[in-house]
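Heads up, the thing below is written out as structure tokens.
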Amino acid sequence: MSEEDVHKGLAGVVADYTAISKVNPESNSLLYRGYPVQELAAGRSFEEVAWLLWTGELPTAAEQAGFAAFERGNRALDPRVRAAIDLLPLDCHPMDVGRTAVSVLGANDPLAEDSSAGAELTKAKSLFAQFPAVVAYDQRRRRSLDVVEPRADLDYSQNFLWMTFGEEAAPEVVDAFRVSMVLYAEHSFNASTFTARVVTSTLSDLHSAVTAAIGALKGPLHGGANEAVMHTFDEIGIRADESRGEAAARAKAWMEDALAQRKKVMGFGHRVYKHGDSRVPTMKAALDKMIGHFDRPEMLGLYDGLEQAMDEAKAIKPNLDYPAGPTYHLMGFDTEMFTPIFIAARITGWTAHIMEQRAANSLIRPLSAYNGVDERHVDQL
Ligand code: COA
């Protein structure tokens with residue numbers, strides 16, 4: 001086997017077909033089932049986008065109403081999940097909580113071992129409805145606050161924020177949150193989605209595939225980057241009384257120092273997009289609205305300073321996690337909750353891929369090139 005046969009990181013390898021989303025790095029575009037993601041983010045609810053990803057079409061009015069009734073009826077935190085979360089230490093990572101919660105939900109789902117198309121869609125819709133309560137409960141227990149019950153008069157994004165903070169969020173905040181969910185929903189064969197497809201390809205169940213995907217998403221080279229961005233902001237120091245220009249100057253100096261030390265700065269770069277991430281302009285617009293809403297110009301200074309210094313030094317562009325991190329911070333989420341929010345969004349894409357993989361399955365099992373010691377033999381006793 002020659003070196004050309006080995007594709008480290010599977011870079012450049014096309015592993016299968018998908019009809020769910022199309023990433024085009026040349027035009028910096030991302031299509032969900034043919035629709036540009038920016039158009040969906042401009043006015044479609046996250047519930048509609050989830051339906052689109054699962055079924056291939058935006059819902060009709062009747063489908064939308066039916067799904068809303070199902071989703072709103074399945075939001076309450078399952079007491080068995082609550083009991084399992086309560087066993088986990090308060091200082092464990094919230095991604096461990098999310099992973100455990102999906103595992104418990106799977107073990108208790110009567111459809112767990114039913115992999116028919118109808119059962120898979122029902123499980124996907126259930127997980128979509130159930131997961132926000134996990135994030136909200138975990139955020140609140142870490143702040144020693146009581147659980148807030150869901151409200152059926154609120155849509156998905158409004159209710160997510162309601163259950164987390166116990167008060168109705170301003171419409172601008174709800175909208176920025178909705179936009180982030182739409183943008184995070186799906187992105188072809190990224191590491192966690194591919195993980196979900198690998199697990200599905202063994203004919204394992206949907207919850208096992210999602211649990212494994214959460215493990216992949218936790219890493220800072222993937223979903224964990226959104227919280228890592230906030231750690232960078234914290235390291236530079238967020239000073240609410242500082243001007244935009246002062247904050248930008250400190251951020252630039254920090255970045256120049258980090259790059260001089262050859263550090264990888266989270267929130268920049270992408271395996272597929274080399275000239276900018278298609279989702280960033282839309283998410284940056286949502287961040288700008290949050291900065292205006294909360295009157296925090298110094299956050300924009302930090303954002304611009306890091307981006308400019310990276311661009312000047314290496315021409316590496318921000319990815320979606322870069323504007324998403326500070327957006328969630330301004331909304332009031334603790335930093336470690338950012339990646340669990342990403343789970344709530346990506347459950348849609350993962351489950352769409354699980355269904356697609358199952359419908360035309362082939363066991364995913366690549367080869368490896370052995371580079372260990374040559375054959376040898378144990379001494380005969
Ligand atoms: N900070 C500093 N340098 C970076 C960088 C970053 N965030 N991302 C890439 N680079 C540099 C690498 O050091 C490398 O430079 P070199 O050729 O001098 O060694 C070059 O750019 C190519 O990077 P590489 O890691 O090989 O690209 P990749 O396609 O394998 O990696 C990522 C893509 C996403 C893993 C990488 O950009 C990264 O680690 N980013 C930070 C994590 C992150 O934000 N992840 C979320 C992705 S949506």
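Numbering of ligands and ligand atoms starts at 1, following listing order.
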Tyr370: hydrophobic cluster co-members (side-chain, 4.5 Å):
Val373
Sorted by chain and residue number, the residues with a non-hydrogen atom under 4.0 Å of ligand 1 are Pro220, Leu221, His222, Ala225, Arg262, Lys263, Lys264, Val265, Met266, Gly267, Phe268, Gly269, His270, Arg271, Lys274, Met310, Lys314, Ile316, Asn319, Asp321
Contacts of type side-chain hydrogen bond (donor to acceptor under 3.5 Å, both in side chains), residue Ser208, not counting sequence neighbours:
Asp205
Which hydrophobic side chains are connected to Val13, either touching it within the sub-4.5 Å cutoff or through other members that do?
Leu10, Phe189, Phe194, Val198, Ile364
Can you tell me how far the CG atom of Asp96 sits from the CD1 atom of Ile214, to the nearest 0.5 Å?
10.5 Å
Go through the steps for Phe128 and Phe67 under the test ring-ring contact (aromatic ring centres under 6.0 Å, His included), then give the verdict.
CA-CA 11 Å; Phe128 177 92; Phe67 179 40; 5.6 Å; yes
If we check salt bridge (charged side-chain N to carboxylate O under 4.0 Å, His left out) with Asp78, which of these qualifies: Arg82, Arg75, Arg80?
Arg80
